Amino acid sequence: MKQWLETREVLDFLAAQRRGGRGGDNPAALATVVRVRGSAYRHEGAKLAVSADGNSAGNVSGGCLEQDVREVALQVIRSGTPELRSYCSGVDDIAAWDLGVGCEGQVDVYVEPTEARPRERELLDGRCPFAVCTSVAGKRERGNGKRLIVTQDGSEGDLGSPELNGEATARAHELLETGESGIHEIGGRSIFFDVLLPPPQLVVLGAGDDARPLVRFAAEVGFRVVVVDRRAGMLTRERFPGAAALVRSTGDELGEATPLDGECFAVVMNHNFADDQAYLRALLKTPVSYIGMLGPRQRTDRMLHNLAAEGSVDDGRVYGPVGLDIGTDGAEQVALAVLAEILAVRSGRRARSLRERHAPIHAPLPTD
């Protein structure tokens, strides 16, 4: 879920280099993880942008590959020729992890000269999935580095031929369903499909001071955060710089004020019983996956009892008191407990220490 946020930051960096160098242009290269074998610290789609003056944004490992990749990127800027580099541990698991590669892992990184990518950046401001298809075959192969952008509604760009574009578009539509980035052989060419799925949305209902660390932390881990309050004076960029949107709304207007779907999670923390009950009433009418209620259990139970008198209430999505039972003191620690619970609910995992998990930490849970 962080790939969307990190890609946006990398593309913002590239746009800034375009504006900031001599003559308004500071050449740059983009390094992208295109293949991972084994358990790696980063996955396909992780990016590092490097400018000719040595500045950079993003990362492709836990930090140990960055220096070498940065040197390769500077060479690519000078030569104008893309390169595909492989980093293989070939050692034991501990040393592999220390190298930022993973357990008996191999990471392939594609480094290409690049310019600003305004269309991709524009798509990242929306909530629609898309894929960027890039030819990465052959160091000097004709058409290497050409791109095709595929959305659910169509495609734009060129990989070198109408046939290749058509086959790549069809494969991209399949991958948009699974959300998996990776290299695929299409028409005799190696094409990297960078699949970007919109991040889940966290709607924080209540713009008090204790909401600020929750909004900040959630944005940093990759959520698209929307802050809702009926008090316009509380909804300012100075208070919530990480929020994607600030929405003035009461509970009665909530459904019209902001989209609420199954990829939305909500935390109600307005510290006003009537306001919070109105928000809870509105949320229960939507398909949001999680409704966290700040405050004592008796307070949430009273709201649910009141709402049950109005009609049937599905309280299985309601988490009140909100957050994991980790022992908290202060708004920042409460925010961590709340965010950890949301992540556990989203991944379908029971919150516990990783030392209790016998399967690899990145392996999906078995299905029934």
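Note that the coordinates shown come from a computational prediction; the quantities given were computed from them, not determined experimentally. Note that the numbering runs from 1 along the sequence shown for the chain.
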Taking it one step at a time, do Val33 and His43 satisfy side-chain contact (heavy atoms from CB on, under 4.5 Å)? CA-CA 7 Å; Val33 175; His43 301 287; over 6 Å; no
For the atom pair OH (Tyr110) and OG1 (Thr32), what is the distance rounded to the nearest 0.5 Å? 9.0 Å
Run Arg121 and Asp125 through salt bridge (Lys or Arg N to Asp or Glu O under 4.0 Å) and show every step you take. CA-CA 7 Å; Arg121 181 61 181 85; Asp125 281 334; 2.8 Å; yes
Could you give all pairs that pass the side-chain hydrogen bond (donor to acceptor under 3.5 Å, both in side chains) test and reach residues 316-338, with sequence neighbours left out? none
side-chain hydrogen bond (donor to acceptor under 3.5 Å, both in side chains) for Glu263 and Ser289? Distances and angles first, verdict last. CA-CA 7 Å; Glu263 271 294 288; Ser289 300; 5.6 Å; no
Stepwise, does the side-chain hydrogen bond (donor to acceptor under 3.5 Å, both in side chains) test hold for Lys146 with Thr134? CA-CA 6 Å; Lys146 286 182 174 291; Thr134 304; over 6 Å; no
Cut-off 3.5 Å, side chains only: do Gln67 and Glu71 have a donor facing an acceptor? yes
To the nearest 0.5 Å, tell me how far Thr169 OG1 sits from Ile149 CD1. 11.5 Å
What are the two closest non-hydrogen atoms of Ser61 and Glu66, and how far apart are they? OG-OE1, 2.6 Å
Could you check whether any side-chain N or O of Asn270 sits under 3.5 Å from a backbone N or O of Asp275, counting only pairs where one atom can act as donor and the other as acceptor? no
Report, as yes or no, whether the 6.0 Å neighbourhood of atom CZ on Arg231 holds more than 12 heavy atoms from other residues, nucleotides or ligands. yes
Looking at Arg147 and Asp158, does any basic side-chain N land under 4.0 Å from a carboxylate oxygen? no
Under the 3.5 angstrom rule, does the side chain of Ser190 hit a backbone N or O of Glu185 as a donor-acceptor pair? no
Can you confirm if the NZ or CZ of Arg302 lies within 45° of the ring axis of Phe273 and under 6.0 Å from the centre of its six-membered ring? yes
Is it true that, when you exclude Arg237 itself, more than 12 heavy atoms of the residues, nucleotides or ligands shown sit nearer than 6.0 Å to its CZ? yes
Does Glu177 have more than 12 heavy atoms from other residues, nucleotides or ligands lying within 6.0 Å of its CD? no
Please report the C-alpha distance between Glu341 and Tyr290 in whole Å, then the side-chain angles of each, then the deciding distance to 0.1 Å, and finally whether the side-chain hydrogen bond (donor to acceptor under 3.5 Å, both in side chains) criterion is met. CA-CA 10 Å; Glu341 181 177 69; Tyr290 170 102; 2.5 Å; yes
Scanning both residues in full, the closest heavy-atom pair of Gly320 with Arg297 reads O-NH1, 3.8 Å
Test side-chain contact (heavy atoms from CB on, under 4.5 Å) on Val334 and Leu294 and set out the steps. CA-CA 10 Å; Val334 170; Leu294 189 71; 4.3 Å; yes
Is it true that Asn59 and Glu6 share a donor-acceptor pair across their side chains at a distance under 3.5 Å? no
Under 3.5 Å: donor-acceptor pair, side chain of Asp194, backbone of Val132: no
Taking all heavy atoms of Asp210 and all of His271, pick out the closest pair and write down the distance. OD2-NE2, 2.6 Å
What's the verdict on side-chain contact (heavy atoms from CB on, under 4.5 Å) for Leu14 and Glu115, showing C-alpha distance, side-chain angles and the deciding distance? CA-CA 7 Å; Leu14 293 176; Glu115 297 182 346; over 6 Å; no
Backbone N or O of Pro129 within a donor-acceptor pair of the Gln152 side chain at under 3.5 Å? no
Would you call Glu156 and Arg119 a salt bridge, taking side-chain N to carboxylate O under 4.0 Å as the test? yes
So does Val107 get a backbone contact from the side chain of Arg37, meaning a donor-acceptor N/O pair under 3.5 Å? no
Between Asp108 and Tyr87, is any side-chain donor less than 3.5 angstrom from a side-chain acceptor? no
Where is the tightest heavy-atom contact between Leu176 and Ala131, given as atom of each residue plus distance? CD2-N, 4.0 Å
Determine whether the aromatic ring centres of Phe223 and Trp4 lie less than 6.0 Å apart. no
With distance as the sole test, does Ser181 use its side chain to make a donor-acceptor pair with the main-chain N or O of Val195 at under 3.5 Å? yes
Going through the checks in order, is the side-chain contact (heavy atoms from CB on, under 4.5 Å) test met by Ile191 and His184? CA-CA 5 Å; Ile191 307 297; His184 295 260; 5.6 Å; no
Would you name the heavy atoms of Ser51 and Ile77 that are closest together and state the gap between them? C-CD1, 3.8 Å
So, the side chain of Asp315 versus the backbone of Val318: is there a donor-acceptor pair under 3.5 Å, distance only? no
Quick one: side chains of residues 240-258, donor-acceptor pairs under 3.5 Å with protein atoms, not counting sequence neighbours, listed by atom name and distance.
residue, atom, partner, partner atom, Å
Arg248, NE, Arg230, O, 3.2
Ser249, OG, Leu254, N, 3.4
Glu253, OE1, Thr250, N, 3.4

Check salt bridge (Lys or Arg N to Asp or Glu O under 4.0 Å) between Arg224 and all other residues, then give those that pass, not counting sequence neighbours. none
Do NZ/NE/NH1/NH2 and the carboxylate oxygens of Glu238 and Arg212 come within less than 4.0 Å? no
For Val111 against Val76, the heavy-atom pair lying closest together: CG1-CG2, 3.9 Å
With a 4.0 Å cut-off on N to O distance, would you call Arg117 and Glu112 a salt bridge? yes
